[in-house]
Amino acid sequence: MQLPSTHLKSFQSRPALRRSRIEEGRPYPLGATWDGLGVNFAIFSAHATKVELCIFDQEGETELERIELPEYTNEIFHGYLPEARPGLTYGYRVHGPYEPDAGHRFNHNKLLLDPYAKQHVGEVKWDHALFGYTIGHKDKDLSFDERDSAAFVPKCRVVDPAFTWGDEMRPKVPWEKTIFYETHLKGFTQLHPSVPEEHRGTFLGMANRDVIGYLKSLGVTSVEFLPIHSFVDDSYLVEKGLRNYWGYNSIGFFAPEPRYCGTPFIGEFKEMVSQFHNAGLEVILDVVYNHTAEGNELGPTISFKGIDNATYYRLLPDQKRYYINDTGTGNTVNTSHPRVMQLVTDSLRYWAGECRVDGFRFDLATILAREPYGFDEGSSFLYACMQDPLLSSVKLVAEPWDCGPGGYQVGRFPPGWAEWNDGYRDTIRSFWRGDEGKIPAVADKISASAGIFNQRGRKPWASVNFITAHDGFTLHDLVCYNEKHNEANGEDNRDGHSHNLSNNYGVEGPTDDEEITETRYRQLRNFFATLLFSRGTPMILAGDEFGRTQGGNNNAYAQDNEIGWVDWDVTDESRDLAEFVQKLILLRQSLPMLRRGKFLTGAYDEEFGIKDLAWITPAGVEFSQENWNDGGARCFGMLLDGRAQSSGIRRPGNDATMLIVMNAHHDVVNFKLPEAPGGERWHCVIDTNLPDRSELVPFDFGTDYMATGRSCLIFVLEPVDDEDHVTAQRSFAHISRAFAKAAANQIHFWNR
């Protein structure tokens with residue numbers, strides 16, 4: 001049953017405007033702003049000579065009127081229409097010099113989108129008229145095209161921002177408890193059996209009760225959506241019958257993508273956020289401010305390029321006809337300019353403030369921290385976010401690399417930011433594949449990559465750990481394919497990277513071999529156990545928890561179909577895997593030792609007589625330098641002492657002591673369980689070879705535990721039963737209750 005909404009009012013189609021007298025208006029706020037009596041229009045351009053406001057019919061098909069904006073204040077053209085109201089459909093024509101060699105590409109024949117528009121109507125229809133120059137002309141982009149592009153570009157619509165939030169409250173999930181869940185808004189619900197067909201693939205589909213119930217019962221806290229800003233399908237994809245499914249091709253930073261809106265009511269996104277917040281779930285947006293869909297000098301003129309090309313984009317200093325391409329997509333947004341930086345920060349404040357989004361993941365974030373001389377962790381954009389009272393209060397996550405020189409900057413973002421840690425991904429993949437000499441690197445990565453992030457007061461949560469993301473194999477395909485299979489992308493399998501660090505265990509793709517299937521599922525459990533019991537912030541790719549496949553496609557950016565969508569018709573084995581992941585999440589949230597704000601050091605605390613961390617060999621003793629240098633070793637233990645200092649206050653901790661054992665060897669390894677101070681015995685809470693274990697099984701110190709080949713084990717210490725260990729006993733009892741709850745839990749709407 002779909003949640004009822006008092007907000008989703010019927011959209012009345014009526015003429016938006018009769019011919020009206022333009023007034024001077026104000027140069028602020030930028031965009032089209034309704035004040036209850038009329039609409040103020042304001043658009044920035046440092047180099048234009050004239051701006052015309054173009055009024056269209058409701059559907060955006062017929063241009064009804066052109067009105068020159070009468071005032072120019074501080075490089076902002078502005079005017080006020082006293083009779084205009086929400087629903088008015090409009091665009092701009094901007095006049096100025098067409099001098100590509102000087103960086104200017106004004107062409108008033110091209111209708112342009114308002115960079116601050118809150119809603120778009122229609123989509124790009126590829127035609128030669130979209131280009132400022134004449135395609136096929138001998139002078140290429142130096143030529144000037146006089147065709148009108150209005151019939152082929154989306155239009156903007158004035159919106160009423162009013163929305164009744166009721167008693168909705170932001171979840172404000174602490175960083176140390178955050179578990180990201182990356183998903184595609186359309187792909188997650190397009191095949192969902194509980195979502196009505198008319199809502200599938202939309203914001204309303206994500207607001208469905210069963211969709212939210214599933215996410216909540218799984219245990220994730222923060223849902224990270226691939227781009228939902230208005231974007232463009234590349235012409236070369238359209239020609240092949242494909243679409244830009246992922247959406248990393250923005251053309252508007254304030255408007256939601258129209259295809260995700262089931263009705264013309266702009267409040268659908270806010271409705272989804274409200275329902276997520278009511279369930280205690282955060283909404284995180286993947287945002288693309290590093291480039292736009294207008295491409296390089298041969299790209300179309302849809303918005304920024306025709307409004308003020310020389311300001312919005314980074315151009316080659318000595319050849320302004322051409323674009324700096326640090327993004328690999330043709331152009332780079334010029335956040336060094338104050339008005340462009342304002343555009344980006346205004347967009348962020350709009351989504352975080354008016355739409356109550358809880359955080360952002362910045363695609364190719366290194367671009368945003370680039371100044372003309374290169375990456376600068378003290379860049380104006382990063383400083384702007386740090387000092388802003390709203391933006392500094394939400395989650396900020398960087399994808400800390402781009403294609404430009406010096407573009408790889410993992411660990412270089414300032415305090416307050418978290419960063420995707422691709423080193424974690426590659427190291428954990430290599431280790432479980434059985435590669436040699438990986439234990440030292442694994443030890444570092446599961447300890448929150450302290451060598452990278454333990455500086456300037458940053459916390460372990462700054463490392464966003466992931467094994468899979470939208471870009472690459474799904475977790476299922478990581479254990480089923482040695483090679484990529486991207487034939488459906490129409491590029492002869494040349495696209496996508498080949499450095500997958502995967503293993504098919506003997507058969508490429510699906511198999512009926514039970515032994516191979518069991519190995520694959522155990523490896524899936526190993527990956528999840530490693531991810532969720534590592535220090536740092538875990539991120540799960542949607543559908544990985546039940547073994548979603550893309551058929552070996554590791555670059556499904558153009559697959560708006562069954563390849564890219566989540567298939568909810570799953571097997572019993574897949575449901576068992578999801579419930580195992582649910583158990584891991586519940587246990588992680590019940591074990592404060594995994595979420596402490598201090599980095600592990602392994603140093604001996606003489607005052608308390610404690611080491612926070614010890615690395616254990618299969619013989620049950622601490623690692624020596626010889627052990628660290630043993631490239632053939634594939635099994636080790638990580639002993640986390642719950643008595644170690646847990647914060648900056650000098651006092652012993654009282655959390656549960658844990659032992660994590662990881663065996664990437666293909667055969668059984670006998671692991672001697674070490675003695676731990678303050679404890680009686682060990683209890684096994686997770687054995688990836690025995691995923692259905694429903695009770696805490698005790699094991700005495702010195703027991704040789706048979707660690708199955710390719711398996712991960714989690715033990716919790718049972719404390720000594722005396723008055724000196726009362727707090728530890730309570731902690732252990734809490735873990736016992738959590739384990740019992742996890743064993744009894746089932747995934748919402750999959751109850752068998």
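Both backbone and side-chain heavy atoms feed into the values below; hydrogens, waters and symmetry mates do not.
Applying the ring-ring contact (aromatic ring centres under 6.0 Å, His included) test to Tyr481 and every residue at least two apart in sequence or in another chain returns His485. Take Phe188 and apply the ring-ring contact (aromatic ring centres under 6.0 Å, His included) test, not counting sequence neighbours, and it matches Tyr181, Trp568. In this structure, the ring-ring contact (aromatic ring centres under 6.0 Å, His included) partners of Phe431, at least two apart in sequence or on a different chain, are Phe636. With sequence neighbours left out, the ring-ring contact (aromatic ring centres under 6.0 Å, His included) criterion links Trp401 to no other residue. Taking the salt bridge (charged side-chain N to carboxylate O under 4.0 Å, His left out) definition, one finds that Lys598 meets it with nothing, sequence neighbours left out. Annotation: salt bridge (charged side-chain N to carboxylate O under 4.0 Å, His left out) contacts of Arg535 (sequence neighbours excluded): none. By the side chain to side chain donor-acceptor pair (under 3.5 Å) test, His277 is found to be paired with Glu168, Asp358, residues two or more places apart in sequence or in another chain being considered.
Annotation: salt bridge (charged side-chain N to carboxylate O under 4.0 Å, His left out) contacts involving residues 449-473, sequence neighbours excluded, comprise Glu377-Arg456, Glu419-Arg458. For the side chain to side chain donor-acceptor pair (under 3.5 Å) condition, the pairs that include at least one residue of residues 460-470, sequence neighbours left out, are Glu182-His470, Tyr248-His470, Asn421-Ser463, Ser463-Asn465, Thr468-Asp544. Sorted by first and then second residue, the salt bridge (charged side-chain N to carboxylate O under 4.0 Å, His left out) pairs involving residues 504-517 (not counting sequence neighbours) form an empty list. Residue pairs meeting the salt bridge (charged side-chain N to carboxylate O under 4.0 Å, His left out) criterion with at least one partner in residues 706-720, sequence neighbours excluded, are Arg681-Glu718. Applying the salt bridge (charged side-chain N to carboxylate O under 4.0 Å, His left out) rule to pairs touching residues 439-455 yields nothing, sequence neighbours excluded.
In this structure, CG in Asp655 is found 8.5 Å from CG in Leu591, a value given to the nearest 0.5 Å.
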### Query
Going through the distances and angles, do Trp417 and Phe362 end up as a ring pair (Phe, Tyr, Trp, His ring centres under 6.0 Å)?
CA-CA 11 Å; Trp417 283 72; Phe362 293 83; 5.2 Å; yes
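What you find for Pro674 and Ile616 is that their closest heavy atoms are CG-CG2, 4.3 Å. The two atoms that bring Val685 and Phe739 nearest to each other are O-CE1, 3.1 Å, heavy atoms only. Of all the heavy atoms in Asn500 and Asn554, the pair that sits closest is OD1-ND2, 3.1 Å.
The main-chain N or O of Asp569 is found under 3.5 Å from a side-chain atom of Asp567 such that the two form a donor-acceptor pair. Counting only distance, with no hydrogens or angles, the side chain of Thr427 and the backbone of Tyr424 share no donor-acceptor pair below 3.5 Å.
Counting heavy atoms of neighbouring residues, nucleotides and ligands inside a 6.0 Å radius, atom CZ of Arg650 exceeds 12 of them.
A tilted orientation is assigned to the rings of Trp420 and Phe466, their planes being inclined by 30° to 60°.
No salt bridge links Arg575 with Glu579; every basic N to acidic carboxylate O contact stays at or beyond 4.0 Å. A salt bridge between Glu282 and Lys177 is absent, with no side-chain N of the basic residue lying under 4.0 Å from a carboxylate O of the acidic one.
The only member of Phe732, Tyr705, Phe699 that meets ring-ring contact (aromatic ring centres under 6.0 Å, His included) when paired with His683 is Phe732.
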